[in-house]
Amino acid sequence: MKPPWNCSSLRDLAREYAAKSHGAAGKVGNLSLGVMVARIHEILSTGKLSKLEHFENDEKVKTVSLFGEVWGIGPVTALKLYENGHHTLDDLKQDDSLSTAQKIGLKYFDDIKKRIPRHEVKDMEMLLQKAGQELLPGMIIVCGGSYRRGKASCGDLDIVITHPDGERELRRRIDLKVYPRDRYAFGLIAWTGNDVLNRSAAGMQQHHISHLDPMLSGPSEANAFLE
DNA sequence: GCGCGGTTGAG
DNA sequence: CTCAAC
DNA sequence: GCGC
């Protein structure tokens with residue numbers, strides 16, 4: 001397959017770039033124009049660069065990249081995990097040194113990777129807007145990101161919130177405690193208080209249900225200022 | 001010679 | 001402080 | 001390449 005432009009025009013572009021970047025004569029970085037043109041040509045005609053094939057097929061590179069796809073695991077941790085002898089996502093599941101976020105990211109790896117259909121994002125946006133209006137009339141809630149750019153599906157929801165009176169609002173502190181139904185009783189006791197009762201309820205929970213799944217059964221708390 | 005985005009939050 | 005998400 |  002031939003690219004729609006010829007090598008001489010590429011060469012001109014490369015020269016121009018090289019001139020701007022104050023590189024050595026006839027070079028871009030440490031690549032000669034010839035090599036650069038050849039590589040661009042290969043990418044345009046085959047869609048990839050054979051020089052990089054080695055990397056894509058390397059077991060370590062593949063595994064570390066895979067680990068890096070887990071929400072909560074970045075480049076540093078991905079590499080560490082690999083060097084600690086982990087080679088699959090199932091290996092990672094055995095590792096209890098993972099952070100809370102990483103455990104969640106791993107557990108819901110497949111879920112999180114799934115794209116969200118546009119209509120579903122629209123539904124969720126409307127739901128939030130409705131809840132927002134009821135909470136504080138005049139609230140403006142908009143879903144941004146790829147949804148706002150008109151994409152047919154989205155990786156997540158990016159929500160932006162404002163209010164006309166936002167600047168003058170008196171700030172109140174709010175604590176949200178969300179419990180699964182089967183632990184609601186503990187939560188109610190704990191967060192009615194006083195602090196002594198809070199501690200005993202926490203103890204009861206720990207003693208009776210600490211074996212339950214922390215994501216599905218654990219209380220989640222949000223401690224926030226309304227801003 | 002090094003970092004190259006800045007901010008926020010978890011741990 | 002490091003690491004990660006956004 | 002630029003600022004530290």
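Chain letters run A, B, ... following the sequence lines, proteins first, then strands; residues in each count from 1. Computed from a prediction, not measured in an experiment: that's the story for all the values here.
We find that CG of A/D95 is positioned 15 Å from C1' of B/dG11, with the value rounded to whole Å. Note: NZ (A/K80) to P (B/dG11) measures 15 Å, nearest angstrom. The interatomic distance linking A/I159 (CD1) with C/dC6 (P) rounds to 13 Å, in whole Å. C/dC3 atom C1' lies 9 Å from atom CD of A/Q102, rounded to whole Å. Spacing between atom CG of A/L79 and atom P of C/dA4 amounts to 10 Å, rounded to whole angstrom units. In this structure, CG of A/L81 is placed 15 Å from C1' of C/dT2, rounded to the nearest angstrom. If you take CD1 of A/I73 and P of B/dA10, they are 18 Å apart, rounded to a whole angstrom. Rounded to whole Å, the distance from CD1 on A/I112 to C1' on C/dA4 is 14 Å.
For the pair A/Q129 (side chain) and A/V142 (backbone), a donor-acceptor distance under 3.5 Å is absent.
Taking the C1' atoms as reference points, C/dC6 lies 26 Å from B/dC2, given to the whole Å. Distance noted for atom C1' between C/dA5 and B/dG1: 30 Å (whole Å).
How far CG of A/L98 is from CD1 of A/I104: 11.5 Å, rounded to the nearest 0.5 Å. Taking CE of A/M124 as the start and CD1 of A/I159 as the end, the distance is 8.5 Å to the nearest 0.5 Å.
Checked against C/dC6, C/dA4, B/dG11, the side chain of A/D158 finds its nearest nucleotide in C/dC6. Closest contact between the side chain of A/W71 and the listed nucleotides C/dA5, C/dC3, B/dG11 involves C/dA5.
Note on A/S99: every side-chain N or O is 4.0 Å or more away from OP1 and OP2 of C/dC3.
Using a 4.5 Å cut-off between side-chain heavy atoms of Ile, Leu, Val, Met, Phe, Trp and Tyr, with links allowed through other members, A/F67 and A/F109 fall into the same hydrophobic cluster.
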